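As structure tokens, the structure follows; a few thoughts come after it.
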Amino acid sequence: MLKTAPRPQGTLSPPLLLTSLAGLFREWLPQQRWFAAKGRPLTDLAVVSMTELHPGCLHLLLRTGHAGSPAHCYQLILGMREELPPRLHHAVIGRPSVGPLAGLNVYDALRDPRSTGLLLERLRVPGAAGPLRFERDARTVVPAGLAPRLLDGEQSNTSLVYGDSFILKLFRRIQYGVNPDLEVPWALAGEGCARVPAPVAWFWTTEPRRTTLGVLQPFLRGATDGWTLALRSLAAGEGFADEAYELGRATAEVHAALAAALPTVTLGHVQVELLARGMTERLEAAARAVPALRPYEPALRTAYRALADLASEGGTALTAQRVHGDLHLGQFLRAPSGQWTLIDFEGEPARPLAERRMPQPPARDIAGMLRSFDYAARSIPPAPGPTRADQTPPPSRWSPEWADTCRAAYCAGYADVDGHDPRTSPVLLRAHETDKAVYEAVYEARHRPDWLPVPLAALDQLASDASL
Ligand SMILES: Nc1ncnc2c1ncn2[C@@H]1O[C@H](COP(=O)(O)OP(=O)(O)O)[C@@H](O)[C@H]1O
Ligand SMILES: O=P(O)(O)O[C@H]1O[C@H](CO)[C@@H](O[C@H]2O[C@H](CO)[C@@H](O)[C@H](O)[C@H]2O)[C@H](O)[C@H]1O
């Protein structure tokens, strides 16, 4: 028997697999950064699909049930070996004691260069494996044998860099359907928009229905993301207005390309009222989930009411189009040449896919960036000096002037390309900023509780502005 292959390969069925792995999954899944149901007890596990990628390596879609909330689906690639070399010890999920995998080491194969190298081979050559389909843009050559490395960052998904030439993003929480992170960059590439890396290869599943699972795109070597650069500027006490202005220009260019490539719609007053109602409902749901939000709820509602009132006064006809959907400083990469590129068109991972793919006012993205300048200004790295072990980083010091200057420069850059200055629509912008900060409070409460004070401080400000 191969030292790497699970024993009863031929007879391994999804229910049998779970007799071995259910207990381990219950422990391991909630510890993963990308696991979106943290704090909600896992009541149920089911295998949606199971495909052998190569001997000893299984592709899984796993459905997780949670008390009182809808089921989730996660993409896993599992390795199984009798003996695990020390370099893979950090990837281990566990060693089942029962079922067909008893005695084998089961591990996260996305941390195993052998498996991730073979995954790239799959993507290089169009084809199928069970329900999985591998496709590529024949115009781009992907060389064989590029060395894989896992990006180990704070990520909603898992990304692998191949030979510093390509990056593969595997979606972890799967929602059935076409992922905008493939759809939108593909449409933008067709439009000739050079601000977004064009997809090179991708894979999807037919089970239970056509669903995007991963996208390969060119890796921007030597690029630094906007969040890192913003924090550097803050730590050095330097301004960031020139970069913020360029980011505004880049956003407007991408918005123009999106409006040309994908459908746009005019929102009449009924739709604007629905937009405001959606925001109000998200606030209500957020206040149920994050008790710290509750004191601000009544004042924050006024931002949404103002938007609805504007519509009923007949003064608003908004244009909606496809947008980025989760725009923040970390989604912009600056190449050594100084050119800003935009990545990660997935939208807010917690929102239903259908909602993420709907046309929305561009103010949504603009508000995301304005919030991000505020985030950076409230997360200044502590001044050098002795730190105590029990100190949590953000927020440390807060620089409102830095944020105000960046926000103004960003809007000015946007206006230079678009012709419309977002600041001339304050009601629309404020409603979207409030909606974003509410989303952030839920996101932080779930994923990074130490950061919750950052959006809460902004909500406090937005709420007190409302009561003036
Ligand atoms: N084309 C690219 N070139 C270079 N780095 C990239 C590229 N795409 C993504 N990255 C890096 O990978 C990180 C995660 O990518 P992202 O698409 O934002 O994933 P997630 O949705 O999991 O947050 C980014 O913050 C960036 O550092
Ligand atoms: O992982 P994604 O990039 O898809 O986005 C999620 O995680 C982001 C944090 O990594 C989160 O962004 C929030 O924190 C940023 C600082 O780390 C800040 O710049 C953003 O303005 C703030 O929204 C994002 O909301 C979330 O969807």
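Everything numeric in this text was worked out from a predicted model, so none of it was measured. Indexing begins at 1, ligand by ligand and atom by atom, following the structure's order. In this chain, numbering begins with 1 at the start of the sequence shown.
- Close contacts between ligand 1 and F219 involve ligand atoms 3 (N), 4 (C), 5 (N) [criterion: under 4.0 Å to a heavy atom].
- Not one N or O of P197 is nearer than 3.5 Å to an N or O of ligand 1, by distance alone.
- Residue E348 places no heavy atom under 4.0 Å from ligand 2.
- For the pair H432 and M279, the minimum side-chain heavy-atom distance is below 4.5 Å.
- Of the candidates S159, G330, A335, the one placing a heavy atom closest to atom 25 (O) of ligand 1 is G330.
- Residue-ligand proximity, Q331 to ligand 1, at heavy-atom distances under 4.0 Å covers atoms 18 (O).
- Counting atoms of ligand 2 from 1 in the listed order, those under 4.0 Å from a heavy atom of S156 are 1 (O), 2 (P), 4 (O).
- Of the N or O atoms in H328, one or more lie within a sub-3.5 Å distance of an N or O in ligand 2.
- Checked by distance only, ligand 1 and P218 come closer than 3.5 Å through their nitrogen or oxygen atoms.
- Within ligand 2, the atoms closer than 4.0 Å to a non-hydrogen atom of Y439 are 25 (O), 26 (C), 27 (O), numbered from 1 in the order shown.
- At a 3.5 angstrom cut-off on N or O pairs, D344 counts as close to ligand 1.
- For ligand 1, none of its N or O atoms has an N or O atom of D181 under 3.5 Å away.
- For Y443, a nitrogen or oxygen atom sits less than 3.5 Å from a nitrogen or oxygen atom of ligand 2, counting backbone and side chain alike.
- Between atom 10 (N) of ligand 1 and the options L170, V196, I167, the minimum heavy-atom separation is to I167.
- The shortest distance between side-chain heavy atoms of T341 and R195 does not fall below 4.5 Å.
- Under the 4.0 Å criterion applied to side-chain N and carboxylate O atoms, D137 and R139 are assigned as salt-bridge partners.
- In the vicinity of E440, heavy-atom distances shorter than 4.0 Å reach the ligand 2 atoms 21 (O), 22 (C), 23 (O).
- Within the 4.5 Å cutoff, the side chain of L329 has heavy atoms near those of the L247 side chain.
- Annotation for R63: atom CZ does not count as buried by contact number, only 12 or fewer foreign heavy atoms lying within 6.0 Å.
- Between R371 and V454, the closest heavy-atom pair is NH2-O, 4.5 Å.
- Close contacts of ligand 1 with E346, meaning ligand atoms under 4.0 Å from a residue heavy atom, involve 21 (O).
- With ring centers used as reference points, F219 lies 6.0 Å or more from F166.
- When each of L327, I343, D344, L229 is checked for a side chain to side chain contact (heavy atoms under 4.5 Å, CB included) with F332, only L327 meets the rule.
- Close contacts between ligand 2 and D344 involve ligand atoms 2 (P), 3 (O), 4 (O) [criterion: under 4.0 Å to a heavy atom].
- Residue contact check: L151 has heavy atoms under 4.0 Å from atoms 11 (C), 12 (O) of ligand 1.
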From CA spacing to verdict: side chain to side chain contact (heavy atoms under 4.5 Å, CB included), D108, W28 = CA-CA 10 Å; D108 181 0; W28 181 77; 4.1 Å; yes
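- Backbone and side-chain nitrogen or oxygen atoms of D225 are examined, and none is located within less than 3.5 angstrom of a nitrogen or oxygen of ligand 1.
- Across N157, D326, T158, L220, heavy-atom proximity to atom 3 (N) of ligand 1 is greatest for L220.
- Counting heavy atoms of neighbouring residues, nucleotides and ligands inside a 6.0 Å radius, atom CZ of R277 does not exceed 12 of them.
- Considering backbone and side-chain N/O of S156, one or more are found under 3.5 Å from N/O of ligand 1.
- Proximity of the aromatic rings of F134 and W202 is defined here by a centroid distance below 6.0 angstrom, and this criterion is not met.
- With atom 21 (O) of ligand 2 as the reference point, the heavy atom nearest to it among S372, G347, G330 is part of S372.
- Counting atoms of ligand 1 from 1 in the listed order, those under 4.0 Å from a heavy atom of L333 are 2 (C), 3 (N), 4 (C), 5 (N), 6 (C), 7 (C).
- Within the structure, ligand 2 has R448 among the residues with a heavy atom less than 4.0 angstrom away.
- Here the closest non-hydrogen pair linking R124 and R136 is O-NE, 2.8 Å.
- With a heavy-atom cut-off of 4.0 Å, N157 does not touch ligand 2 at all.
- Contact annotation: the side chain of L61 approaches that of I174 to within less than 4.5 Å [non-hydrogen atoms, C-beta and beyond].
- When the heavy-atom distances from atom 17 (O) of ligand 1 to K169, R33, H328 are ranked, the shortest goes to K169.
- Ligand 2 is approached by Q331 to a heavy-atom distance shorter than 4.0 Å.
- Of all the heavy atoms in P148 and G117, the pair that sits closest is CG-N, 4.0 Å.
- Below 3.5 Å of separation, one finds no N or O of Y375 facing any N or O of ligand 2.
- At a 4.0 Å cut-off, not a single heavy atom of R221 sits close enough to ligand 1 to count as contact.
- No close placement of the Y245 and Y410 rings is indicated, their centers lying 6.0 Å or farther apart.
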From CA spacing to verdict: side chain to side chain contact (heavy atoms under 4.5 Å, CB included), E297, E284 | CA-CA 8 Å; E297 194 185 340; E284 288 166 354; 3.7 Å; yes
